[in-house]
Peer 1: 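Encoded as structure tokens, here's the structure I'll be asking about.
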Amino acid sequence: MFGYSSIAQQRALPKGSLFIIGGGSRSPELLQKLIKTANLSSKDYMIVLPMSSGDPVASFNAIKEELSSQAENNIGYLNFTAESANNKQLLDSLSGAKLIFITGGDQSRFMKVVLNTPIYKAIHQAYNKGATVAGTSAGAAVMSKYMITGNQLAGDTIYRETFNKLVDKNIEFEQGLGLLNSVIIDQHFIKRSRFNRLLSALAAHPTFDCVGIDEATAIIVKGKKIEVAGDSQVLRIANPENLKITKTGHIKMESLHFNLFTEGDVFYLK
């Protein structure tokens with residue numbers, strides 16, 4: 001039996017979709033799936049947000065070429081800065097887009113521009129109204145409320161593509177876009193063997209779904225439903241049992257839910 005709060009929560013789900021790519025190359029089939037998910041009419045347009053990139057123009061041109069090969073809709077370039085974050089004309093263009101694409105690069109660089117600004121609100125407005133918000137690599141990481149930065153905090157803090165230890169308080173989070181409030185995303189997952197990193201995220205937030213997306217692969221989020229698309233795999237870990245931290249700071253747990261998905265598979269968030 002559903003209570004009122006459950007029904008209200010269902011009604012409050014965003015009308016849009018998320019198309020979260022784990023980085024790497026994007027096949028024509030994956031791009032076709034993105035365009036189909038966005039459900040663009042002839043009057044709709046796309047916006048690319050390249051603020052993660054160290055070379056935003058090159059990043060925009062690369063994704064523009066790919067998107068243009070699949071759809072004839074206009075594609076806008078909005079490289080927001082602190083100076084343009086309150087520009088109403090630019091913000092209206094962003095909130096009115098049917099597809100918003102966040103490029104790769106450095107997720108912290110992106111959020112430094114977006115967090116606590118009208119840009120953040122405009123992205124949420126578009127998503128709530130029915131837009132598809134897509135991102136790859138760093139653009140995938142920013143989707144989470146708790147965003148993995150990639151930095152280790154315990155002991156040796158030299159950046160590595162994968163973590164070399166499984167200890168408490170080693171994983172650094174920053175605030176992301178919060179388009180996913182109970183999910184933590186990691187990217188380039190299998191290619192860069194980021195199992196230790198995702199296990200660290202699960203230990204830090206044991207009530208969350210922790211999802212690792214490999215390169216050339218995406219998850220498509222619509223409400224609580226997630227569909228897998230692309231060439232490789234998606235890992236989901238959740239529900240650790242008897243999670244403990246030892247006196248030496250090591251993480252241990254007796255079991256957890258471990259799922260490995262491929263193209264066409266569907267699973268649901270808690």
Side-chain angles (χ1 to χ4, degrees), residues 16-28 30-31 33-35 37-38 40 44-127 131-144 147-150 174-180 185-188 213 215-219:
S17 302
L18 304 177
F19 198 100
I20 309 174
I21 307 168
S25 61
R26 295 170 287 274
S27 68
L30 193 64
L31 291 167
K33 191 83 172 181
L34 171 57
I35 296 301
T37 300
L40 300 165
D44 290 325
Y45 61 91
M46 302 176 256
I47 290 291
V48 176
L49 299 178
M51 291 90 79
S52 300
S53 176
D55 189 346
V57 173
S59 187
F60 167 72
N61 287 335
I63 190 61
K64 180 183 179 182
E65 182 177 354
E66 292 185 1
L67 294 174
S68 296
S69 70
Q70 304 298 327
E72 296 180 353
N73 302 72
N74 289 330
I75 303 173
Y77 168 83
L78 290 181
N79 184 30
F80 281 100
T81 64
E83 291 72 30
S84 62
N86 293 289
N87 185 304
K88 187 177 185 304
Q89 184 177 358
L90 299 181
L91 292 167
D92 287 346
S93 294
L94 178 58
S95 64
K98 193 66 185 294
L99 171 59
I100 297 169
F101 194 100
I102 303 169
T103 66
D106 182 337
Q107 53 264 44
S108 295
R109 182 190 290 130
F110 181 90
M111 290 309 304
K112 284 176 183 176
V113 176
V114 171
L115 191 61
N116 299 320
T117 74
I119 308 165
Y120 182 103
K121 183 177 180 181
I123 294 170
H124 279 261
Q125 285 176 336
Y127 179 43
T132 294
V133 182
T136 185
S137 189
V142 302
M143 301 286 182
S144 305
M147 178 183 76
I148 296 174
T149 69
E174 291 178 354
Q175 187 173 341
L177 285 174
L179 298 170
L180 290 169
I185 296 291
D186 206 349
Q187 66 279 356
H188 303 280
I213 310 169
E215 294 184 359
T217 308
I219 61 169

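Values below: all heavy atoms of this structure, side chains included; hydrogens, waters and symmetry mates excluded.
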Peer 1: Report the C-alpha separation of Met46 and Ile100 in whole Å, then their side-chain angles, then the decisive distance to 0.1 Å, and conclude whether the side-chain contact (heavy atoms from CB on, under 4.5 Å) test is met.
Peer 2: CA-CA 6 Å; Met46 302 176 256; Ile100 297 169; over 6 Å; no
Peer 1: First locate atom CZ of Phe19, then atom CG of Leu99, and finally report the distance between them rounded to the nearest 0.5 Å.
Peer 2: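 Result: 9.5 Å between the selected atoms.
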Peer 1: Quick one: CD1 on Ile102 to CD1 on Ile123, what's the gap to the nearest 0.5 Å?
Peer 2: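 Rounded to the nearest 0.5 Å, the CD1-CD1 separation comes out at 5.0 Å.
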Peer 1: What closest approach, in Å, do Ile219 and Ile185 show between heavy atoms, and which atom pair accounts for it?
Peer 2: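 Distance-wise, the nearest heavy atoms are CD1-CD1, 3.9 Å.
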Peer 1: For Ser93, does its backbone N or O pair with a side-chain atom of Tyr45 as donor and acceptor, under 3.5 Å?
Peer 2: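 Yes; at least one donor-acceptor contact below 3.5 Å.
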Peer 1: If only side-chain N and O atoms count, and only distance matters, is there a donor-acceptor pair under 3.5 Å linking Gln187 with Ser137?
Peer 2: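 No donor-acceptor contact under 3.5 Å links the two side chains.
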Peer 1: Output the distance between atom CZ (Phe101) and atom NZ (Lys64), rounded to the nearest 0.5 Å.
Peer 2: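 Result: 15.0 Å between the selected atoms.
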Peer 1: Looking at every non-hydrogen atom in both residues, tell me the closest pair between Gln107 and Ala141 and how far apart they are.
Peer 2: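 Closest approach of Gln107 to Ala141: NE2-CB, 3.6 Å.
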Peer 1: Measuring from Glu66:CD to Thr136:OG1, what's the distance to the nearest 0.5 Å?
Peer 2: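 The distance works out to 9.0 Å.
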Peer 1: When you measure from the side chain of Ser53 to the backbone of Pro50, do you find a donor-acceptor pair of N or O atoms at a distance under 3.5 Å?
Peer 2: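 Side chain of Ser53 to backbone of Pro50, a donor-acceptor pair under 3.5 Å: no, none is there.
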Peer 1: What's the separation between atom CD in Glu174 and atom CD1 in Ile148, rounded to the nearest 0.5 Å?
Peer 2: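 Result: 12.0 Å between the selected atoms.
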Peer 1: Would you find a donor on one side and an acceptor on the other, under 3.5 Å apart, between the side chain of Ser84 and the backbone of Thr81?
Peer 2: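 Such a contact is found between Ser84 side chain and Thr81 backbone.
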Peer 1: Taking Arg109 for the side chain and Ser52 for the main chain, is one N or O donor matched with an acceptor at less than 3.5 Å?
Peer 2: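 Confirmed, Arg109 side chain pairs with Ser52 backbone.
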Peer 1: Heavy atoms, side chains only, cut-off 4.5 Å: are Tyr77 and Leu49 in contact?
Peer 2: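 Contact flag for Tyr77/Leu49 side chains = no.
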Peer 1: So, does Asn73 use its side chain to make a donor-acceptor pair with the main chain of Asp44 at under 3.5 Å?
Peer 2: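 Checked: pair present.
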Peer 1: Drop me the distance from Asp106's CG to Phe110's CZ, to the nearest 0.5 angstrom.
Peer 2: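 The distance works out to 11.5 Å.
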Peer 1: What pair of heavy atoms forms the shortest contact from Leu177 to Tyr120, and how long is it?
Peer 2: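 Smallest heavy-atom distance, with atoms named: O-OH, 2.9 Å.
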Peer 1: Going by the side chain to side chain contact (heavy atoms under 4.5 Å, CB included) test, name the single residue among Leu94, Ile119, Asn87 that passes it with Leu78.
Peer 2: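 Among Leu94, Ile119, Asn87, the one that satisfies the side chain to side chain contact (heavy atoms under 4.5 Å, CB included) with Leu78 is Leu94.
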Peer 1: When you measure from the side chain of Ser27 to the backbone of Leu30, do you find a donor-acceptor pair of N or O atoms at a distance under 3.5 Å?
Peer 2: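 Pair found, side chain donor or acceptor close to backbone of Leu30.
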Peer 1: Hey, is the main chain of Ile213 close enough, under 3.5 Å, to the side chain of Thr217 for a donor-acceptor pair?
Peer 2: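 No; zero donor-acceptor contacts below 3.5 Å.
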Peer 1: Does Asp55, at its CG atom, have more than 12 non-hydrogen atoms belonging to other residues, nucleotides or ligands within less than 6.0 Å?
Peer 2: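 Atom CG in Asp55 is packed in, count exceeds 12.
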Peer 1: Please give me the minimum heavy-atom distance between Val142 and Gly139, naming the atom from each residue.
Peer 2: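 Scanning both residues completely, I find the closest heavy atoms to be CG2-O, 3.4 Å.
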